[in-house]
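Bear in mind that the values here come from a model prediction, so they are computed numbers and not experimental data.
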Amino acid sequence: MKTKASLLISLALLSGHVAANTPANNMVAKSQKEITIMNNILKASLNAEPGIKVRQINGAYLADQGYVFSISASGLSGGFGSWKRFFLEPDIEFHDEDVMIRAEEMRIEAANEAYHVAMEALRESSEKIREFAQQEREIEFQLREVERARRDLDLERRHALKDKEEKSVKKEIEKLEAKIAKLEKEKEQVRGKRDDAKDKMKSTTKEKHKKVAETRKQNIRVASQTLAQTLCDYGAGLKSLSKNHYVNFIIDNATGNKEDLVFVYSKAKINQCVVGDIDAEKLLASAQSYTF
């Protein structure tokens, strides 16, 4: 059984171990100041690039590791442009009587005229599909009414007492059959137009999705170059980090598939770029990058 003295010694040793593994307060304070300044610099640098608007940058200090900056920005994270909503092919569902479109909510602020034009075209296409579906329903209603009238005349014909009456009923039936044939033809034409509109919408959304992905990739290339250049220009201000530390960037949902893009820069390489031994392009090439 432990004595009171041995318990106090154990607590003292534990306290010493915790203190030895805790960063000094002045180190944490310096790091917080440097991170705040770098947050502002990174935000200004990225916002200067067309098509990119920073939503949020969060920086943190990891003891014995370095700094990590998590970046969320329109044009990089998830989608691109001023897109409050955009349609993706998997989110379009066609039913026999109507078209349903589910839109993905986007929290994006920058303006993009090309997107609004594309979105207006999609809205017009969806309205046409709904109109064609409504026309088809109306034709089917007329068909049911005409077919009901024909059945009534068939019944009347079977109970007709005179040849003259039978001939009159037969003539009316022929008129109704001609009307039915006409309505069936109109129905097929409307259905064809609706199918064409569906195909056009699918093609439009597929092409738009492709352009969105290409634009995001281009924006990420620009952003990665901008981040590297920023480290070259302002990396000297990261004085609390030694050459054995790292500066990490995490671009939130950069692939559009809920995967983040990570860049890991060695402080030693950043120092080389600061003094001009290497340029931003070589600094970028030296970084480790991967999705996670």
Side-chain angles (χ1 to χ4, degrees), residues 31 33-62 65-83 106-115 211-241 243 245-292:
S31 296
K33 184 177 181 180
E34 291 177 5
I35 287 172
T36 299
I37 294 172
M38 184 55 70
N39 273 353
N40 293 331
I41 293 172
L42 292 171
K43 185 175 183 179
S45 298
L46 290 172
N47 282 340
E49 301 295 346
I52 300 175
K53 185 170 181 61
V54 174
R55 298 189 192 109
Q56 191 174 29
I57 298 181
N58 293 317
Y61 166 65
L62 304 179
Q65 300 295 322
Y67 297 158
V68 57
F69 297 92
S70 179
I71 302 169
S72 175
S74 62
L76 301 177
S77 306
F80 170 71
S82 164
W83 301 6
M106 304 300 293
R107 297 174 300 167
I108 301 173
E109 300 172 0
N112 186 293
E113 184 63 25
Y115 166 76
K211 289 181 179 179
V212 169
E214 290 173 352
T215 302
R216 183 192 294 122
K217 288 180 181 178
Q218 175 60 24
N219 284 348
I220 289 174
R221 282 194 291 269
V222 171
S224 62
Q225 294 165 356
T226 299
L227 292 173
Q229 187 63 57
T230 301
L231 289 177
C232 289
D233 294 340
Y234 302 99
L238 305 178
K239 297 178 181 179
S240 297
L241 300 182
K243 64 180 182 180
H245 284 148
Y246 297 90
V247 175
N248 309 277
F249 296 118
I250 302 175
I251 300 179
D252 178 54
N253 194 17
T255 66
N257 295 318
K258 298 183 179 180
E259 291 181 331
D260 300 336
L261 178 60
V262 181
F263 291 95
V264 181
Y265 288 91
S266 163
K267 183 57 164 55
K269 289 292 184 181
I270 295 173
N271 291 342
Q272 290 180 24
C273 195
V274 168
V275 299
D277 290 344
I278 61 174
D279 59 15
E281 185 178 352
K282 290 183 178 178
L283 177 62
L284 177 57
S286 72
Q288 296 183 56
S289 62
Y290 57 93
T291 56
F292 179 75

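In this structure, CZ on F263 lies 11.0 Å from CG on L231, to the nearest 0.5 angstrom. Residue K217 holds its NZ atom at 9.0 Å from CD1 of I220, rounded to the nearest 0.5 Å. The distance from the CG atom of L238 to the CD1 atom of I35 is 9.0 Å, given to the nearest 0.5 Å. Between atom NE2 of residue H245 and atom NZ of residue K267 there is a gap of 10.0 Å, rounded to the nearest 0.5 Å. For the atom pair Q56 CD and S70 OG, the distance stands at 8.0 Å (nearest 0.5 Å). Taking CD1 from I57 and OG1 from T36, the interatomic distance works out to 12.0 Å, rounded to the nearest 0.5 Å.
A donor-acceptor pair is defined here as one N or O able to donate and one able to accept, closer than 3.5 Å; no such pair exists between the side chain of Q65 and the backbone of Y246. When atom types are taken as modelled, the side chain of S72 and the backbone of R55 share no donor-acceptor pair closer than 3.5 angstrom. Side-chain atoms of D252 do not come within 3.5 Å of backbone N or O of I71 as any donor-acceptor pair. Of the possible donor and acceptor atoms, none in the side chain of N219 sits under 3.5 Å from a partner among the backbone N and O of L76.
For S266, the side-chain hydrogen bond (donor to acceptor under 3.5 Å, both in side chains) criterion is met by no residue, not counting sequence neighbours. Taking the side-chain hydrogen bond (donor to acceptor under 3.5 Å, both in side chains) definition, one finds that T226 meets it with E49, sequence neighbours left out.
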Item to complete: For V262 and T291, run side-chain contact (heavy atoms from CB on, under 4.5 Å): C-alpha distance rounded to whole Å, both residues' side-chain angles, the deciding distance at 0.1 Å, then the answer.
Response: CA-CA 6 Å; V262 181; T291 56; over 6 Å; no
Item to complete: Let me see the working for I250 and L261 under side-chain contact (heavy atoms from CB on, under 4.5 Å), right down to the final yes or no.
Response: CA-CA 6 Å; I250 302 175; L261 178 60; over 6 Å; no
Fill in: Criterion side chain to side chain donor-acceptor pair (under 3.5 Å) on N39 and K43, from CA distance to verdict
CA-CA 6 Å; N39 273 353; K43 185 175 183 179; over 6 Å; no
Fill in: L46 and L227: CA distance, side-chain angles, deciding distance, side-chain contact (heavy atoms from CB on, under 4.5 Å) verdict
CA-CA 8 Å; L46 290 172; L227 292 173; 4.3 Å; yes
Item to complete: Mind running side-chain contact (heavy atoms from CB on, under 4.5 Å) on Y265 and L283 for me, showing each step along the way?
Response: CA-CA 8 Å; Y265 288 91; L283 177 62; 3.8 Å; yes
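Residue L284 comes nearest to Q225 through the heavy atom pair CD2-CG, 4.0 Å, listed as atom of the first residue, atom of the second, then distance. Between T230 and S45, the shortest heavy-atom distance links the atoms OG1-OG, 3.4 Å. Contact detail for Q272 and V275: the closest heavy-atom pair is O-CG2, 3.3 Å. Nearest heavy atoms, A280 versus A228: O-CB, 3.7 Å. A73 approaches I52 most closely through the heavy-atom pair CB-CG2, 4.2 Å. Scanning all heavy atoms of the two residues, the minimum distance from E34 to K239 falls at OE2-N, 3.2 Å.
Ring pair Y67/F69 is perpendicular by interplanar angle, where above 60° counts as perpendicular and below 30° as parallel.
Residue-environment remark: CD (Q218) exceeds the threshold of 12 foreign heavy atoms within 6.0 Å. Shown here is E281, whose CD atom has no more than 12 heavy atoms of other residues, nucleotides or ligands within 6.0 Å.
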